[in-house]
Student: 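Take this structure, written in structure tokens, and hold onto it; I'll ask about it next.
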There are 2 protein chains.
Amino acid sequence: MTMAENNPRGNLMAMNCPSREVLKHMTSKWGVLVLIALEGGTHRFSELRRAIGGVSERMLAQTLQWLEGDGLVQRRAYDVVPPHVEYRLTALGVEAAQRVRSLTDWIEANALHISDNWSKNRAEVSK
Amino acid sequence: MTMAENNPRGNLMAMNCPSREVLKHMTSKWGVLVLIALEGGTHRFSELRRAIGGVSERMLAQTLQWLEGDGLVQRRAYDVVPPHVEYRLTALGVEAAQRVRSLTDWIEANALHISDNWSKNRAEVSK
DNA sequence: CTCCATACTTACAAAAAAGTGCGTACTTAT
DNA sequence: ATAAGTACGCACTTTTTTGTAAGTATGGAG
């Protein structure tokens, strides 16, 4: 019996596990940042774009569609011109965002420890 | 003042933030699974390879090097032949792995809710 | 004597992700 | 009259990530 088969925590370790797809959306470069931005409340598309440094319109749109497809984000469009669209977290999305933020908060809190290691390891490599 | 600038949670929202690099390693396709696997204890390279369905040797090696470089994983090599190398989490790595696992546990627990949305959204698109 | 296992590395190829620039339809500000 | 803002879609290119296959040194099994 392999480790993956008797792993009590489920099937993530198995290739072709559908959970890996959701994981991909939530942990994608922009997915993480969208989720934590929306934790601060409803945002319009271009507000998100300005809030998240470096996203292109294309990537932001795609990420929002992924998260909407997973039921983590709700899109509400008003039929006016110029267009007006609002994005907010669903109940599911709030839970997801909390987990993601616990990760990012930890990273930011430990950034100094980690970059210590960067210098140390670079030194080892160079000698 | 932009939203990114007065964001009290730090600089992740700014492009070129070094924390984004760590985030990338931890949330990379294989980084997540390596951290979780190593939560179960020390593993040899090929044990990890068998435990994590679908990793190639190349990707596993690279992922382990990233995590080692960030100080989350410790590598210990015995100078014998055939080679014998063990990987384990550092104290920092244990903390990181806990956050990652809270994310994956949530995903697996909510996989059904999420795939409900998949069917719903597909239906909307097709009509 | 050949094959397998170990823990990788390297070169190359394929696939996926990301970025770029343009178009849209209409309003408001200049 | 022209430019800017809005929320994207589309076509195209570049970049990044991932996979594949092979090579390495050595001992033990068949």
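Naming: A, B, ... by sequence-line order, numbering from 1 per chain. What you see is a predicted model; the values in this text were computed from it and never measured.
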Student: Looking at B/K24, does any N or O in its side chain come under 4.0 Å of the phosphate oxygens OP1/OP2 on D/dT17?
Tutor: yes
Student: Let me see the working for B/M26 and B/V100 under side chain to side chain contact (heavy atoms under 4.5 Å, CB included), right down to the final yes or no.
Tutor: CA-CA 8 Å; B/M26 288 176 57; B/V100 167; 3.9 Å; yes
Student: Using the side chain to side chain contact (heavy atoms under 4.5 Å, CB included) rule, take B/I36 and B/V32 through it: C-alpha gap first, then chi angles, then the decisive distance, then the call.
Tutor: CA-CA 6 Å; B/I36 292 175; B/V32 171; 4.0 Å; yes
Student: Using atom CD of B/E68 as one end and atom C1' of C/dC8 as the other, report the distance to the nearest whole Å.
Tutor: 13 Å
Student: Determine which pairs satisfy salt bridge (charged side-chain N to carboxylate O under 4.0 Å, His left out) with at least one residue from residues 70-79 of chain A, sequence neighbours left out, and list them in order.
Tutor: none
Student: Working to the nearest 0.5 angstrom, can you tell me the gap between B/R49 CZ and B/M59 CE?
Tutor: 11.5 Å
Student: Does B/W30 put a side-chain nitrogen or oxygen below 4.0 Å from OP1 or OP2 of D/dG19?
Tutor: yes
Student: Taking 4.0 Å as the cut-off, does a side-chain nitrogen or oxygen of B/K29 come that near to OP1 or OP2 on D/dG19?
Tutor: yes
Student: For the pair made of CG in B/D79 and C1' in D/dA25, what is the distance, rounded to whole Å?
Tutor: 11 Å
Student: Could you tell me the separation between the CZ atom of B/R20 and the P atom of C/dA18, rounded to a whole number of Å?
Tutor: 12 Å
Student: With a 4.0 Å cut-off on N to O distance, would you call A/R44 and A/E47 a salt bridge?
Tutor: no
Student: For residues 85-98 of chain B, which side-chain donor-acceptor pairs fall under 3.5 Å, sequence neighbours excluded?
Tutor:
from: B/E86; atom 1: OE1; to: B/Y78; atom 2: OH; distance (Å): 3.4
from: B/E86; atom 1: OE2; to: B/H84; atom 2: NE2; distance (Å): 3.3
from: B/T90; atom 1: OG1; to: B/G71; atom 2: O; distance (Å): 2.6
from: B/T90; atom 1: OG1; to: B/L72; atom 2: O; distance (Å): 3.3
from: B/T90; atom 1: OG1; to: B/L92; atom 2: N; distance (Å): 3.4
from: B/T90; atom 1: OG1; to: B/G93; atom 2: N; distance (Å): 3.0
from: B/E95; atom 1: OE1; to: A/W106; atom 2: NE1; distance (Å): 2.7

Student: For every nucleotide of nucleotides 4-9 of chain D, 5' to 3': is a protein heavy atom under 4.0 Å from its base (B), only from its sugar-phosphate (S), or from neither (-)?
Tutor: -BBSBS
